Amino acid sequence: MKELEKAFGENVVLKNISETVKKGEVICVIGPSGSGKSTFLRCLNVLEKPTSGQVLFEGKELTHLNEEELNLLRERMGMVFQGFNLFPNMSVLDNLKLAPLHVRKVTEEAATTTAQRLLAQVGLEDKAKQYPESLSGGQKQRVAIARALAMDPEVMLFDEPTSALDPEMVGEVLKVMRDLADSGMTMVVVTHEMGFAKEVADQIWFMDGGYIQEKGKPQEFFAAPKTERARLFLSKIL
Ligand code: ADP
Ligand code: MG
């Protein structure tokens, strides 16, 4: 992103952000509530239209694309939210097959094969026939991750994927994300899970006041944050 700015009316939420995510990198975005993390993530796939500046993906400028072009592009960026947003009236398997069948127009057989492979990857191969309501929160979130992966994305965006989960279910979702990172997936993860950030991130981006105030390797950032704001934030949560 280049000189990215986003305002809601008078409220300037993102101010002049120029950053690059490289292929294969895992970026963990951390920062106080209301600091603009979700807005930032939503600007990356233009779910939120930046007020000014550019978002480039594989060299292509996104902010001027029309909705149709954007939808094609969003297929390349999987997104997982705090809530699970599964389709309640469909089995787990059909949740995973829906977009590949209707958007990518793959065959029924190919969609089923991919869906089963991804369910196995997130440890839920035995849940294919079940409906979302019969799953735990952690299982639903793993299905949501598998569903995003079914479109074979280049990058995965996560917005506090474990924040709505009961504590005992956080680990199973983080494990799936960690495996994904190990497999080389490019990931931008907004999270409050500092253990995960410390162990899995290549870079920590600390947001506050509309800026990325500090960037660094996790070992350095957590051991010795350079800015007063980051020190204060860490002192409150660790
Ligand atoms: P975070 O994810 O770090 O908690 P957000 O990106 O959700 O922060 O919000 C940052 C600021 O932007 C907040 O002041 C919030 O009220 C405002 N904001 C976010 N989305 C909207 C919106 N759709 N309309 C108006 N204000 C918004
Ligand atoms: Mg948020």
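Every value quoted in this text rests on a predicted model; they were computed, and no experiment measured them. Whatever order the structure lists them in is the order used to number ligands and atoms, beginning at 1. Numbers for residues simply follow the sequence, beginning at 1. Basis for what follows: all heavy atoms, side chains included, without hydrogens, waters or symmetry-related copies.
For a threshold of 3.5 Å applied to N or O pairs, the pair formed by Asn11 and ligand 1 contains at least one separation below that value. Note: an N/O pair closer than 3.5 Å links Gly36 and ligand 1 by distance alone. By the 3.5 Å distance cut-off applied to N or O atoms, Gly34 is counted among the residues near ligand 1.
Taking every non-hydrogen atom of Pro32 and a distance limit under 4.0 Å, the qualifying atoms of ligand 1 come out as 3 (O). Taking every non-hydrogen atom of Thr39 and a distance limit under 4.0 Å, the qualifying atoms of ligand 1 come out as 5 (P), 6 (O), 9 (O), 19 (C).
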(request) May I have the step-by-step check of side chain to side chain donor-acceptor pair (under 3.5 Å) for Thr186 and Glu25, ending in yes or no? (result) CA-CA 5 Å; Thr186 310; Glu25 257 185 343; over 6 Å; no
(request) Take Leu44 and Met1 through the side-chain contact (heavy atoms from CB on, under 4.5 Å) test and state the conclusion after the steps. (result) CA-CA 8 Å; Leu44 292 186; Met1 48 241 91; 3.4 Å; yes
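A donor-acceptor contact shorter than 3.5 Å links the side chain of Gln141 to the backbone of Pro161.
In this structure, atom 15 (C) of ligand 1 has its sub-4.0 angstrom surroundings free of protein heavy atoms.
Side-chain contact between Val21 and Trp205: present, with at least one pair of heavy atoms (C-beta onward) separated by less than 4.5 Å.
Ser35 and Asp208 share no donor-acceptor pair across their side chains, judged by distance under 3.5 Å alone.
Nearest to atom 7 (O) of ligand 1 among the protein's heavy atoms is Ser38 CB, 3.8 Å. For atom 22 (C) of ligand 1, the nearest protein heavy atom (residue, atom name, distance) is Phe8 CE2, 3.4 Å.
To the nearest 0.5 angstrom, Gln54 atom CD is 5.5 Å from Lys2 atom NZ.
In summary, an N, O or S atom of Ser38 is located under 2.8 Å from the Mg ion (ligand 2).
Using a 4.0 angstrom heavy-atom cutoff, Gly31 does not count as in contact with ligand 1.
Between Glu108 and Lys97 there is a salt bridge, since a side-chain N of the basic residue sits under 4.0 Å from a carboxylate O of the acidic one.
Residue Val13 touches ligand 1 through its side chain alone, judged by heavy-atom distances below 4.0 Å.
Considering only non-hydrogen atoms, atom 3 (O) of ligand 1 lies nearest to Lys37 out of Glu160, Lys37, Lys6.
No continuous path of hydrophobic side-chain contacts links Phe196 to Ile237 [ILVMFWY only; heavy atoms under 4.5 Å].
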